[in-house]
2 protein chains.
Amino acid sequence: MPSPPTVATPAAGLHPDDIVEVAHRLISTHGLEWFSMRKLAAALDVNPMTVYLRFDSKDDLLDAVARRGLASVELPELTGATWDERALSLCVALRDHLLADRNLLALYATANRLSGAVLQAVEQGLRLVEEIGYRDDAAVLAFRSLFWHTVGFTLLHNSFESFPADQPGGIDDAVGGIDAETHPTFARHLPSFTAVDGDELFVHTTRLIVAGLAGNAPEPQEHR
Amino acid sequence: MPSPPTVATPAAGLHPDDIVEVAHRLISTHGLEWFSMRKLAAALDVNPMTVYLRFDSKDDLLDAVARRGLASVELPELTGATWDERALSLCVALRDHLLADRNLLALYATANRLSGAVLQAVEQGLRLVEEIGYRDDAAVLAFRSLFWHTVGFTLLHNSFESFPADQPGGIDDAVGGIDAETHPTFARHLPSFTAVDGDELFVHTTRLIVAGLAGNAPEPQEHR
DNA sequence: ACCTGAACACCGTTCAAGT
DNA sequence: ACCTGAACACCGTTCAAGT
């Protein structure tokens, strides 16, 4: 080996992975809004500018944090008597993982390169659609319907929680009073506009897509 | 007329609606990231603090801007030979409206009280599901599947555009090389992981949901 | 009563200067 | 070569002071 390390390891041995790990923990604990490059540096006990020697910008760093969180997805083996049930359970498991770290969710929403990073989900999703005969481009399209449906609904989760029906005044107040003349159907259904149950709506909609994929499949399974 | 305007009209007659309109225009033109309370005040030719006499905080103001943009949704009369086609065209029209003002999209993503503000879409959506027999809570659930599916996919639109397959290096590079041993199915399908066509994927998935809603309907229509 | 200027406590990022 | 301190150009928001 060459000369001994007379040179102090850069930034006290500050490895990019360590920065990403600490940033992940801070965001997970305090939220994305709280997080700043200066607070990260303080947590690392380092000059605020040192982080910029490893990452070009805050956006770059956040992208790395998001990819780290997504790559760590590990899904359970899929169980279920029917294909439909297994497909549903994959979507639910992926959603649960994304929701597990609620403060990271806002980050995933803006992360580039999202789907490729969720390796486990891609692998299992593709295997699933192959089971019922989807191949090549058709398999990827079928997988993508399920995958992006799940991601989209998951990102909406916070919107459901702040739904008008949950607020004082309810939905009628929120939209400034619904005019029964211009929107009669809406007005008639107002009593049914209770708070959205995000879990229920997700499962309901996922079942529709799953049934559609199974019904159109090249090799539909029996006992569905 | 009474005394001449010795008293300057408050903030030069600054009405909350005017503030919201100018904020909307600035965000639409320059983007949400560019926008700030100070720049808004400059555009209004007013002291930065004057806006705070009308809105408690930046978040409050942005919420008002988002609701203004959503309340203005006007959808075309639905045409189409079959129920499925009309349901699809409603979803596409809503998505087109949300995508029309791309810089506002980021705002909608965080807006509270989203669905109630899209009056036109709610009215037409409920009318549509009633056509095939959905009533009361079942009608609202069916509508919500369509509505939130559409909103979720629309919010994802920017993610599709930054998909790895579009980047130099492609998807394989983006996830650090896909291991054929641990993710064989993914590896085998890599050639099919081209850029996501957001429009195509949306229409494809919407058709699955629409068909599911029609198939499960209390009064399924003929000639579908 | 209504508005403003200055100030507070922050940001992300650049860059000349230190070791 | 590697790191840092000070500085730049901003933020959202508070509040005492003006008219």
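The basis for the numbers below is simple: all heavy atoms, side chains too, and nothing from hydrogens, waters or symmetry mates. Just so we're on the same page: letters track the sequence lines, and every chain starts at 1.
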How many Å lie between [atom1] on [X] and [atom2] on [N], as a whole number?
X: B/Leu53; N: D/dC15; atom1: CG; atom2: P; answer: 14 Å
X: A/Leu40; N: C/dT13; atom1: CG; atom2: P; answer: 12 Å
X: A/Arg54; N: D/dA1; atom1: CZ; atom2: C1'; answer: 12 Å
X: B/Asn47; N: C/dC2; atom1: CG; atom2: P; answer: 16 Å

Sequence neighbours excluded - salt bridge (Lys or Arg N to Asp or Glu O under 4.0 Å) pairs with any residue from residues 27-47 of chain A: none
Qualifying salt bridge (Lys or Arg N to Asp or Glu O under 4.0 Å) pairs, either residue in residues 181-191 of chain A, two or more places apart: A/Arg188-B/Glu130
Donor-acceptor under 3.5 Å (B/Ser28 side chain, B/Arg25 main chain): no
Expected output: side-chain B/Glu123 to main-chain A/Phe186 donor-acceptor under 3.5 Å: yes
Distances for protein N/O vs nucleotides 9-11 of chain D N/O pairs under 3.5 angstrom?
{"residue": "D/dC11", "atom": "OP1", "partner": "B/Ser36", "partner atom": "OG", "Å": "3.2"}
{"residue": "D/dC11", "atom": "OP1", "partner": "B/Lys39", "partner atom": "NZ", "Å": "3.2"}

Nearest-angstrom distance, P atom, D/dC10 to C/dA9: 22 Å
Minimum-distance nucleotide to A/Met49 side chain [options: D/dT4, D/dG12, C/dG5]: D/dT4
N/O (side chain, A/Thr50) to phosphate O (OP1/OP2, D/dT4) under 4.0 Å: yes
Gap separating the CG atom of A/Leu126 from the CZ atom of A/Phe147, nearest 0.5 angstrom: 10.5 Å
Pairing annotation in dot-bracket form, given for DNA chain D with Watson-Crick or G-U pairs under 3.5 Å and | for cross-strand partners: ||.|||||...|||||.||
Partners meeting side-chain hydrogen bond (donor to acceptor under 3.5 Å, both in side chains) with A/Asp59 (sequence neighbours left out): none
All pairs passing side chain to side chain donor-acceptor pair (under 3.5 Å) where residues 197-210 of chain B contributes a residue, at least two apart: A/Ser145-B/Thr205, B/Arg95-B/Asp199, B/His149-B/Thr206
Check: B/Asp137/A/Ser192 side-chain N/O donor and acceptor closer than 3.5 Å: yes
